[in-house]
Q: 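Take a look at the following structure, please.
For ligands, and for the atoms within them, numbers begin at 1 and follow the listed sequence.
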Amino acid sequence: MKSFALVAGARPNFVKIAPILRALEQDRAVKSLLIHTGQHYDENLSDIFFADLGIRGPDISLGVGSGSHAKQTAEVMVGMERVLVEAAQNGNPIDRLVVVGDVNSTMAAAVAAAKLNIPVAHVEAGLRSFDRTMPEEINRILTDVICDMLLVSEPAGVENLKREGHADEHIFLVGNVMIDTLLTQVERARARDTLERLSLEPHSYGVITLHRPSNVDRPEVLGPLVDVLVEVSSQLDLVFPIHPRTMARLEAFGLQATIGSAPRLRCIEPLGYLDFLCLTSQAKVIVTDSGGLQEESTALGVPCLTMRTNTERPITCTEGTSTLIGSSAGQLKAYLKQVLTGSYKSGTRPALWDGNASGRIARILGSC
Ligand code: UD1
């Protein structure tokens, strides 16, 4: 029997591991251990995702919590090393670690396992923004360099990995597991009463998410962004589920009063997976700096104005519904006008974003 350990730490990880775990559970020759690092710990960033997506509870919780990058990374490494060594000492050695995405937990867990000579598979390998000021870009590069199974969601990732010298036999274009989850859950999500609870009509509102350090950590950037959202909300109802990092910055920079002055800008707590998908799947437009949401909006065919100057997911712009608009108010207003007048581009769902990526991953894992 093969023994895999899957690691998840932060909100987007849970969406990615759900279908992989389900696919692995169908293989009787495979045993999987689920390790939650505790990078995200709030009910609405963690537990609710397990409940919404029917993920079984973690077998092991490291409970690392928040901290500086070095502290959080180090604590995940120490915890992972302990778990992997104990598993071997107890006669249940882990044959392979599976990590997903690009958060600190992803990279830290991969490093700990690789140093114990446990091979590591990376789901969502090869994505590159070519912007090393992003903590996620550092995590992506470091993770890929020590993984021998690189499971890729879009063709640009394959090109990036080849250019970095990875051999063809380590690279597998499998598609997008986040879209597996979306396609499984979207009908169930739409049946919820999320819109009624927020007094919204389908296809007549925008959904906002902002949490990247580059957008929210400096008052001179976040202040003007808030001004734009307030202004745009005079034309369109906006719903803004606020990530704790962003909420802390809004408070610290004294921006809450400005946000509160716009009656059509509804600021709410972060939502669980199903409520959020209910909102995004019926939105007129999504304005975001999230990586995952660029992909989800492409799969849903909803316009996505991405408040970044680069993306590690270029297919969402070339084939999908996303446009990079930076942080400028002028750009946001211009593209919003296109959306409201019906002249914004339409997109297609990329090849292999078909709901079967996790099945392909389970087959590759099972055969190695
Ligand atoms: C992390 C990921 C980011 C991902 C995002 C999804 C890294 C480097 N960043 O960013 O790639 O897009 O998750 O949400 O791994 N906090 C809480 N409750 C929690 C967790 C965090 O209040 O359950 C607060 C803490 O103040 C913490 C801050 O949010 O310091 C940032 O959390 P952290 O996990 O370090 O990064 P995110 O901004 O969530």
Side-chain angles (χ1 to χ4, degrees), residues 7-17 36-52 58 61-77 79-80 99-111 122-124 127-129 131-143 153 178 181 207-218 221-222 240-253 268-273 276-277 280 286 288-297 304 306-308 310-313 316:
V7 179
R11 180 168 63 176
N13 288 171
F14 309 133
V15 183
K16 293 167 196 168
I17 56 142
H36 188 328
T37 67
Q39 176 172 345
H40 283 177
Y41 43 84
D42 279 352
E43 154 80 25
N44 56 9
L45 293 190
S46 177
D47 296 8
I48 197 167
F49 284 76
F50 281 73
D52 279 0
S61 295
L62 302 180
V64 301
S66 301
S68 70
H69 283 271
K71 180 172 181 290
Q72 192 172 60
T73 305
E75 288 189 6
V76 174
M77 286 173 68
M80 284 300 304
V99 298
V100 298
D102 57 14
V103 302
N104 286 344
S105 299
T106 309
M107 180 271 283
V111 171
H122 183 204
V123 176
E124 214 179 72
L127 298 183
R128 298 287 180 268
S129 65
D131 173 3
R132 292 199 182 184
T133 66
M134 286 180 81
E136 293 82 0
E137 181 73 353
I138 307 291
N139 292 338
R140 289 188 279 261
I141 294 168
L142 295 180
T143 303
S153 55
M178 199 167 224
T181 299
V207 176
I208 314 294
T209 78
L210 290 174
H211 75 283
R212 296 247 165 243
S214 57
N215 277 333
V216 306
D217 281 4
R218 282 171 298 154
V221 178
L222 187 58
F240 186 7
I242 305 184
H243 186 285
R245 162 191 282 281
T246 310
M247 182 51 90
R249 300 298 185 271
L250 289 169
E251 279 166 11
F253 304 154
I268 58 175
E269 292 277 315
L271 293 170
Y273 183 79
F276 191 62
L277 181 56
T280 53
I286 292 167
T288 190
D289 60 6
S290 150
L293 200 41
Q294 289 171 60
E295 299 182 332
E296 290 169 333
S297 51
C304 180
T306 301
M307 302 205 84
R308 293 176 52 186
N310 54 54
T311 180
E312 61 288 339
R313 295 162 162 90
T316 61

Q: Under the ring pair (Phe, Tyr, Trp, His ring centres under 6.0 Å) test, which residues partner His36, sequence neighbours left out?
A: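 Result, ring pair (Phe, Tyr, Trp, His ring centres under 6.0 Å) vs His36: Phe14, Phe50.
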
Q: Does Pro12 come within less than 4.0 angstrom of ligand 1, counting non-hydrogen atoms of the residue?
A: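 Yes, that is the case, since the closest heavy atom of the residue is under 4.0 Å from the ligand.
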
Q: CD of Glu43: more than 12 outside heavy atoms within 6.0 angstrom?
A: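 It does: Glu43 CD has more than 12 such atoms within range.
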
Q: Can you pull out the closest protein heavy atom to atom 5 (C) of ligand 1? Residue, atom name and distance to 0.1 Å, please.
A: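 In this structure, atom 5 (C) of ligand 1 has His211 NE2, 3.6 Å as its nearest protein heavy atom.
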
Q: Out of Asn13, Asn104, Leu293, Leu45, whose heavy atom sits nearest atom 8 (C) of ligand 1?
A: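 Looking at heavy atoms only, the winner is Asn104.
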
Q: Has Asp52 got a side-chain atom pairing as donor or acceptor with Tyr273's backbone, closer than 3.5 angstrom?
A: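 Indeed, once roles are kept as given, a pair shorter than 3.5 Å links the two residues.
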
Q: Would you say Thr181's side chain and Val15's backbone share a donor-acceptor pair under 3.5 angstrom?
A: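 The answer is yes, because a donor-acceptor pair under 3.5 Å joins these two groups.
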
Q: Of all the non-hydrogen atoms in the protein, which one sits nearest to atom 34 (O) of ligand 1, and at what distance?
A: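 The closest heavy atom on the protein side is Gln39 NE2, 3.1 Å.
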
Q: Nearest heavy-atom pair of Phe253 and Asp217: which atoms, and what distance?
A: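 So the minimum-distance heavy-atom pair works out to CZ-O, 3.3 Å.
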
Q: Which atoms of ligand 1 are found less than 4.0 Å from any heavy atom of Arg11?
A: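 Answer for ligand 1: 14 (O).
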
Q: With distance as the sole test, does Thr73 use its side chain to make a donor-acceptor pair with the main-chain N or O of Ala70 at under 3.5 Å?
A: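 No, the answer is negative, given that no donor and acceptor are paired below the 3.5 Å cut-off.
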
Q: Which protein non-hydrogen atom lies closest to atom 2 (C) of ligand 1, naming both residue and atom, and how far is it?
A: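 That would be Val103 CG1, 3.6 Å.
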
Q: Show the atoms of ligand 1 that are less than 4.0 angstrom away from any heavy atom in His69.
A: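 It comes down to these atoms of ligand 1: 8 (C).
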
Q: Run through Arg140, Arg132, Arg128 and flag the one making a salt bridge (Lys or Arg N to Asp or Glu O under 4.0 Å) with Glu312.
A: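 It is Arg140; the other options fail the test.
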
Q: Considering only non-hydrogen protein atoms, determine which one is nearest to atom 16 (N) of ligand 1 and report residue, atom name and distance to 0.1 Å.
A: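 The protein heavy atom lying closest is Tyr41 OH, 3.6 Å.
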
Q: Going by heavy-atom distance to atom 9 (N) of ligand 1, choose the closest among Met107, Glu136, Lys71.
A: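 Nearest heavy atom to atom 9 (N) of ligand 1 lies in Glu136.
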
Q: Before signing off on this row, confirm whether His40 and ligand 1 have an N or O atom pair separated by under 3.5 Å.
A: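 Right, the criterion is met.
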
Q: What protein heavy atom sits nearest atom 38 (O) of ligand 1, and how far off is it?
A: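 Checking every protein heavy atom, the shortest distance to atom 38 (O) of ligand 1 gives Arg245 NE, 2.8 Å.
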
Q: So which heavy atom in the protein is nearest atom 26 (O) of ligand 1, and how far is it from that ligand atom?
A: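 Residue, atom and distance for the closest contact: Ser66 OG, 4.4 Å.
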
Q: State, to 0.1 Å, how close Pro241 and Glu269 come at their nearest heavy-atom pair, and which atoms those are.
A: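 It is CB-O, 3.7 Å.
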
Q: Apply the side chain to side chain donor-acceptor pair (under 3.5 Å) test between Gln294 and each candidate in Thr288, Asp289, Thr311; give the one that qualifies.
A: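 So the option named by the test is Thr311.
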
Q: Within ligand 1, which atoms have a heavy atom of Gln72 less than 4.0 Å away?
A: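 Ligand 1 atoms under the 4.0 Å threshold to Gln72: 34 (O), 35 (O).
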
Q: Which protein non-hydrogen atom lies closest to atom 24 (C) of ligand 1, naming both residue and atom, and how far is it?
A: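 Protein heavy atom with the smallest distance to atom 24 (C) of ligand 1: Pro244 CB, 3.9 Å.
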
Q: Are any of the N/O atoms in Asp42 less than 3.5 Å from those in ligand 1?
A: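 Between Asp42 and ligand 1 (N or O atoms, distance only) the closest approach is under 3.5 Å.
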
Q: Taking side chain to side chain donor-acceptor pair (under 3.5 Å) as the definition, give me every residue that meets it alongside Ser105, ordered by chain and number, with sequence neighbours left out.
A: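 Checked Ser105 against side chain to side chain donor-acceptor pair (under 3.5 Å); matches are Thr37, Gln39.
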
